[in-house]
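Sharing a structure with you now.
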Amino acid sequence: MEYNFSTIEQIARKKWKDGNVYKVSNSSAKPKYYVLDMFPYPSGAGLHVGHPLGYIFSDIYARYKRMQGYNVLHPMGFDAFGLPAEQYAIQTGQHPAITTEQNINTYKKQFEKIGFSFDWDRQVSTCDPSYYKWTQWIFLQLYDSWYNKEIGKSDRIDNLENIFNIHGNTTVNAACDEKVRSFSGEEWKAFSTLEKQNILMDYRLAYQKDSLVNWCPALGTVLANDEIVNGVSERGGYPVEKKKMSQWFLRITAYAERLLQGLDTLEWTESMKDMQRNWIGKSIGAMVSFPLKEHEEKIDVFTTRVDTIFGVTFLVIAPEHELVKKITTAEYIDAVDEYIRVCASKSDIERQSEKIVSGQFTGAYVLHPFTKQEVPVYIADYVLAGYGTGAVMAVPSGDQRDYLFAKKYNLSIIPILDTQKSENEADATKEGKYINSDFINGLNYKEATKLLIQKLEETKLGYGKINYRMRDAGYSRQRYWGEPFPIYYDTEGLIHTIDKENLPVTLPAVDSYKPTGTGESPLANSKEWVERMGPGTRMETDTMPGYAGSSWYFLRYMDPQNEDFFVSREAQGYWQNVDLYVGGAEHAVGHLLYSRFWHKFLKDNGWVNTEEPFKKMVNQGMIQGVSAFVYRYNPMHSETITPDNKDYEASFKNMYKIPPEIYISSESLQLIENKEEAEVNRFTVFLKEVFKSVGQVCVDEFEFNVSKILFSKSHVDINYVNNKLLEVGSYSDYLKKITDRPCVFFRSRDTNFYVEREIEKMSKSKFNVVNPDQIIEQYGADCFRMYEMFLGPIDTAKPWDTNGISGVASFLRKFWRLFYDDLGNAKPAGEEVTNEELKILHKTIKKVSEDLERFGFNTCVSSFMIAVNDLSKLKAISKSTLTDLIKLIAPFGPHTAEVLWNNMGNPTSVVDAEFPLYDEKYLVESVFNYPVQINGKLRANMDIPLDMPQEEIQKLVLSDEKVVKFTEGKTPKKFIVVTGRIINVVV
RNA sequence: GCCCGGGUGGUGGAAUGGUAGACACGCAGGACUUAAAAUCCUGUGGCCAUCGCGGCUGUGCGGGUUCGAGUCCCGCCCCGGGUACCA
């Protein structure tokens, strides 16, 4: 048989399908292993070469584990709710459910071509009502729960009401809103239903509160952060404001400590854990109240350095702080308003990234809690409303931002430690003894902190506190394509939930996916939806965010068809949790934190029996695209010509009836930019001809300006590009379809047209998507799989480039030729098993096994290449060696392995073959070729038996001709032998 | 700004603190062939060289630890990801 990958793939696929080999059972005598991929969002662009990187990786590992004797769960599904489908629906009017299903089908076809071992009977899709029924159900459980700190887990809200009935909230230790007031049992009973609802809202794990959204009045819609570029809407460039709306939140902060502690039990990379730790942002400090001079209120600040309190020379509060309006004095109202207006136009990131400190005095003063001195209150954008209390006490001697602020606004800087060097910049030291600090003078950091907190608590002006940077998770989206909330409001505004029996609450058909113009979701347009629960009632019109469905999907794979529960205890009890999770590091603090939170909540209720969802993680790097750009000359630009009078310009534009699109070869543009006269002239002549050809008169009178600003850079689809060369013919055919203007191309002097190439994230919008279909067609699935692995380590980002794929293709052919000759005849296997082949085989098994364990799949492929190169040199290879080789390669190139396995006379599938083990006895060496260094520089190589004692080695080495030359016969100061590694002589 | 990564030939990359550049691509030369494809062989970091002896230098930049540093430590520069409504 000849090496024809398309035949081979057909045979293998048929065998797998007929044998139903990827069906996974929930009961087995084998140990279980769960390999999970982050499921994809089914984009309209189809699968691109970046997607399969992680999937091939996990597929190889899943196959390897299966060959090691595990019952492996390796499922796939679709994260199918999301913004792009909705935007596509707005443009085309097609229902997102339809386009999403089409996209899913495309993805599945592509997956099947790559030979993944997914059990498709377990597919889940988050937009499937039978799936989101349970997303809604879990949400309702969160709504009906509160976090009882006393028992360290969540509890039913009914229990809380029972406590309130007897004791009020005085005995309750809950994770709840900071501002909740205390009440007795009697008071509780006297509250109205609405009051009770509002109080319970402060305790629920899913709750409502007012919060800000990005509101774009011009587009009449709420925008995602991703849709805003430089403070304006990406579409249209309209201004964006902050708008207050009532929204759902999940009280993830209740789980902050457990989310933090749980990290220690996980086999994730330290960097991944660090990102979560920093996101959670635990800090131990104190809450301090600064009473306002002219008002009743106090300004509360959280500080991790309460010891620096005598260095406070001003207070800074966020521009959005609730007290700003109240405390600003008449004199400063205008300036404060203006400052707030400027801040509102910036995003949090822009505000934090600002290098120049800015702020505004409010005219108000607070009193220092100990010295009772007046401290001025400023607003500044570097203080964010969402973090802590939205107010900080500024200590310019110890904090650099405060220092810069103080310098700018001429505020005093008080050093507070005897070791502090704060003349030119802030010094955040904790060393030394306190000075200028009243009753803590002379104390050290630890003593001072303790005493201060004690004093604050005595005077009721503060207390010790642990603060988390993490905020509760926003759970409302003003969109159509998401899970509807099983929530409605009655005529009195009371909230009702929809019973489990009536779930799922399915998305209704709507006439238009367009925004309402009020900021509400498109569902608000549907009267049928809004009044679904009766006249005068109102269904919740917002939908759930993307992370709702993706926070628990891995549990559904365990028991996908269960209609009675999201996962049965038996199924979850068998599969436990995910043993290996493969996905991008960009999810480090989003999806991965939300999933952990949901899982802990489910655990609290006994619905799952594991505390953490993902034991081990591998983060694959992004495969980037190599975008191509063309430059288009814009002849309508006012600076195209440099007329002395404006009339020229006007008349030019008038006369100019059919403006062509003029493209310029990037190489020529480069020359023009470098002011190379010949090229500038050539282009000018070209322009004149173009203009004449379209009937432009008096061209000769114009002076063409060809500076680079007149060229607009735009993406060109990489399918029209070969390396740097543009296929002008096919590209202009394409342009004809999308523009009615004629297009002309200014080529380089060598008659080629060059494009510019840049590495970017692979995305449909950047026209740099490489579809795997063509590559698989040209090289086959196994080659594609192995090439993606061969590209480099799984965790580094790398640009896609097919230049090296021929190496893998020829490796597969060489591998095949171990079994068949050039004419496709089976080669006779070697009669004897030679030591030579065993050495090659076992060296390869060892290396591949070790590399598989440490996830270095790129070097596995290298080892295969080395093995095949070495084995090709042998006259004949025994059947047993060839068999082991097939098994070794099977996870990587399953189609080829399956067919060879078949052809060797094995009736079963190679999928269930046993992964070979290596035997150390074939690998032992008696002699090692030592590199000999003299003073750390390599000077010689010597063969020395590995069991030779050090004294003898020393004698041998020192007598070597080369060594004598470089040591100049001196006695060495040191003689280092690292057995089997290196010898270093120090003289 | 903050948090987390990364930076090694022309390119992708390899290297438990132990011979830097494995394995590939590309390129150059050669074999086979009418030719091409395929296949095979040789060479390939840079500089110097009495180009088959050898030498110097070299892993973003500057320091340090060590017998020995791409690898560990300190200080920079640049690039990528995340930054709470892209998924």
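Naming convention: chains lettered A, B, ... in sequence-line order (proteins, then strands); numbering from 1 in each chain.
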Next item on the list: Look through every strand shown and name the nucleotide pairing with B:G21 as Watson-Crick or G-U wobble, where both distances are under 3.5 Å.
Entry: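 Partner of B:G21: none found under 3.5 Å.
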
Note to self: Work out how far the C1' atom of B:U57 is from that of B:G21, and round it to whole angstrom.
What the structure shows: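 It works out to 15 Å between them.
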
Next item on the list: Would you check if the side chain of A:Ser521 reaches a backbone N or O of A:Thr541 as a donor-acceptor pair within less than 3.5 Å?
Entry: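 Checking the backbone N and O of A:Thr541 against the side chain of A:Ser521, a donor-acceptor pair under 3.5 Å is found.
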
Check: How should the glycosidic conformation of B:C27 be described, syn or anti, under the criterion that syn lies within 90° of 0?
Finding: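 That one's anti.
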
Notebook entry, point to check: Side-chain donor-acceptor pair under 3.5 Å between A:Asn619 and A:Asp795, yes or no?
Noted result: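 No - no donor-acceptor pair under 3.5 Å links their side chains.
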
Note to self: Looking at A:Asn214 and A:Lys242, would you say the former's side chain and the latter's main chain have a donor-acceptor pair under 3.5 Å?
What the structure shows: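 No; judged by distance alone, with no hydrogens or angles, the pair does not exist.
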
Check: Partners of A:Pro522 by side-chain contact (heavy atoms from CB on, under 4.5 Å), sequence neighbours excluded?
Finding: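 Scan of A:Pro522 (side-chain contact (heavy atoms from CB on, under 4.5 Å), adjacent residues dropped) gives A:Glu86, A:Tyr480.
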
Next item on the list: If B:G52 has a Watson-Crick or G-U wobble mate with both distances under 3.5 Å, name it; if not, just say none.
Entry: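 The answer is none; no pair meets the criterion.
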
Next item on the list: Determine the interatomic distance between P on B:U33 and the same-named atom on B:U44; round to the nearest Å.
Entry: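 Going atom to atom, P in each nucleotide, I get 28 Å.
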
Note to self: Quick check on B:G9: syn or anti? Syn means the glycosidic torsion is within 90 degrees of zero.
What the structure shows: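 Nucleotide B:G9 adopts syn.
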
Check: Closer to the 5' end of RNA chain B via nearest nucleotide, is it A:Ile866 or A:Met272?
Finding: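 In this pair, the answer is A:Met272.
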
Note to self: Over all strands shown, is A:Lys937 touching base, sugar-phosphate only, or nothing at heavy-atom distances under 4.0 angstrom?
What the structure shows: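 Here A:Lys937 touches the backbone only, sparing every base.
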
Note to self: Donor-acceptor pair, distance only, cut-off 3.5 Å: does the side chain of A:Lys827 make one with the backbone of A:Tyr820?
What the structure shows: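 Pair absent, no side-chain N/O of A:Lys827 close to backbone of A:Tyr820.
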
Next item on the list: Over 60° means perpendicular and under 30° means parallel, so classify the ring planes of A:Trp552 and A:Tyr131, tilted if in between.
Entry: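 Ring orientation of A:Tyr131 relative to A:Trp552: parallel.
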
Margin query: Can you tell me how the ring of A:Phe819 sits relative to the ring of A:Phe815, calling it parallel under 30°, perpendicular over 60° and tilted otherwise?
Written below: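 A:Phe819 and A:Phe815: perpendicular rings.
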
Checklist line | Protein-to-nucleotide contact annotation, 5' to 3' order, nucleotides 81-87 of chain B [B base; S sugar-phosphate only; - none; under 4.0 Å, heavy atom] | finding: SSBBBBB

Next item on the list: May I ask you to decide if the ring planes of A:Tyr475 and A:Phe139 are parallel, tilted or perpendicular, using 30° and 60° as cut-offs?
Entry: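 Parallel: the ring planes of A:Tyr475 and A:Phe139 meet at under 30°.
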
Margin query: Rounded to whole Å, how long is the line connecting atom NZ of A:Lys873 with atom C1' of B:C41?
Written below: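 Result: 11 Å.
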
Check: With both distances under 3.5 Å as the test, what is the Watson-Crick or G-U wobble partner of B:G26?
Finding: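 For B:G26, the partner nucleotide comes out as B:U44, under the 3.5 Å rule.
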
Next item on the list: Name the closest nucleotide to the A:Ser271 side chain, picking from B:C25, B:C4, B:U19.
Entry: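 Within the option list, the nearest is B:C4.
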
Note to self: Need one value for A:Phe857: base, sugar-phosphate or nothing, where a base atom within 4.0 Å counts as base even if backbone is also close, heavy atoms only.
What the structure shows: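 Nothing: the residue A:Phe857, judged by heavy atoms under 4.0 Å, touches no strand.
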
Notebook entry, point to check: Can the positive tip of A:Arg813 be found less than 6.0 Å from the middle of the six-membered ring of A:Tyr3, inside 45° of the ring normal?
Noted result: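 Here A:Arg813 fails the 6.0 Å and 45° test against A:Tyr3.
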
Item checked: Rounded distance in Å - CG (A:Asn278) to C1' (B:G5) ->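 These atoms are roughly 13 Å apart.
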
Item checked: Closest listed nucleotide, where the reference is the side chain of A:Asn941 and the choices are B:C23, B:U19, B:C4 ->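 That would be B:U19.
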
Next item on the list: Could you give the distance separating B:C56 and B:C4 at their C1' atoms, to the nearest angstrom?
Entry: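 Per the computed distance, 40 Å lies between those C1' atoms.
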
Item checked: Under 3.5 Å on both distances, the Watson-Crick or G-U partner of B:A31 ->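 Per the H-bond distance test, B:U39.
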
Checklist line | Base versus backbone protein contacts along nucleotides 9-18 of chain B [heavy-atom cut-off under 4.0 Å; B, S, -] | finding: ---BSSSB-B

Next item on the list: Looking at every strand, decide which applies to A:Asn869 at a 4.0 Å heavy-atom threshold: base, sugar-phosphate, or nothing.
Entry: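 Sugar-phosphate: the residue A:Asn869, judged by heavy atoms under 4.0 Å, touches backbone atoms but no base.
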
Next item on the list: Rounded to the nearest angstrom, tell me the gap between atom OH in A:Tyr779 and atom C1' in B:A24.
Entry: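 Result: 14 Å.
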
Item checked: Rounded distance in Å between the P positions of B:G63 and B:G29 ->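 So the two P atoms sit 42 Å from each other.
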
Item checked: Interatomic distance, A:Asp795 CG vs B:C4 P [rounded to whole Å] ->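 The answer, rounded to whole Å, is 17 Å.
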
Item checked: Exam field: side chain A:Asn103 to backbone A:Pro42, donor-acceptor pair closer than 3.5 Å ->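 Pair found, side chain donor or acceptor close to backbone of A:Pro42.
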
Check: Given A:Tyr787, which of A:Phe892, A:Trp800, A:Phe857 fulfils the ring pair (Phe, Tyr, Trp, His ring centres under 6.0 Å) condition?
Finding: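 Of the listed options, the one satisfying the test is A:Trp800.
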
Checklist line | A:Phe811 and A:Phe864 aromatic ring geometry - parallel, tilted or perpendicular at 30°/60° bounds | finding: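 It falls in the parallel class, under 30°.
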
Item checked: Same-atom distance (C1') from B:G13 to B:G70, integer angstrom ->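 After rounding to an integer number of Å, I get 13 Å for this pair.
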
Next item on the list: Taking atom P in both B:A24 and B:G45, compute the distance separating them and give it to the nearest angstrom.
Entry: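 Here B:A24 and B:G45 have their P atoms 16 Å from each other.
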
Checklist line | Between B:U19 and B:U59 - P atom distance, rounded Å | finding: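 To the nearest whole Å, 16 Å.
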
Notebook entry, point to check: Would you call the rings of A:Tyr594 and A:Tyr547 parallel, tilted or perpendicular, where under 30° means parallel and over 60° means perpendicular?
Noted result: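 Answer is parallel, since the angle falls under 30°.
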
Checklist line | A:Glu270 and A:Arg277 ion-paired at < 4.0 Å | finding: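 Yes, charged N to carboxylate O under 4.0 Å.
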
Notebook entry, point to check: Considering residues at least two apart in sequence or located in another chain, which fulfil the side-chain contact (heavy atoms from CB on, under 4.5 Å) criterion with A:Gln91?
Noted result: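 Partners of A:Gln91 under the side-chain contact (heavy atoms from CB on, under 4.5 Å) test: A:Tyr88.
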
Check: Can you tell me how far C1' in B:G17 sits from the matching atom in B:U66, rounded to whole Å?
Finding: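 Straight-line distance between the two C1' atoms is 9 Å.
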
Check: With both distances under 3.5 Å as the test, what is the Watson-Crick or G-U wobble partner of B:U16?
Finding: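 Its partner is none (no Watson-Crick or G-U wobble pair with both distances under 3.5 Å).
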
Note to self: What residues from residues 804-818 of chain A pass a heavy-atom cutoff of under 4.0 Å to RNA chain B?
What the structure shows: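 Listed by number, they are A:Gly804, A:Ser806, A:Gly807, A:Ser810, A:Arg813, A:Lys814, A:Arg817.
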
Check: Tell me: CG of A:Asp943 to P of B:U19, nearest whole Å?
Finding: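 Result: 16 Å.
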
Check: Which letters describe nucleotides 27-36 of chain B, given B = protein heavy atom under 4.0 Å from base, S = only from sugar-phosphate, - = neither?
Finding: ----------

Item checked: For B:A84, the Watson-Crick or wobble partner whose two distances fall under 3.5 Å ->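 Base partner found: none.
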
Margin query: Treating A:Ser476 as the side-chain partner and A:Trp248 as the backbone partner, does any N or O pair qualify as donor plus acceptor under 3.5 Å?
Written below: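 Judged by distance alone, yes, a pair lies under 3.5 Å.
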
Next item on the list: Whole angstrom is fine here: how far is it from NZ in A:Lys973 over to P in B:G68?
Entry: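 Rounded to the whole Å, the gap is 11 Å.
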
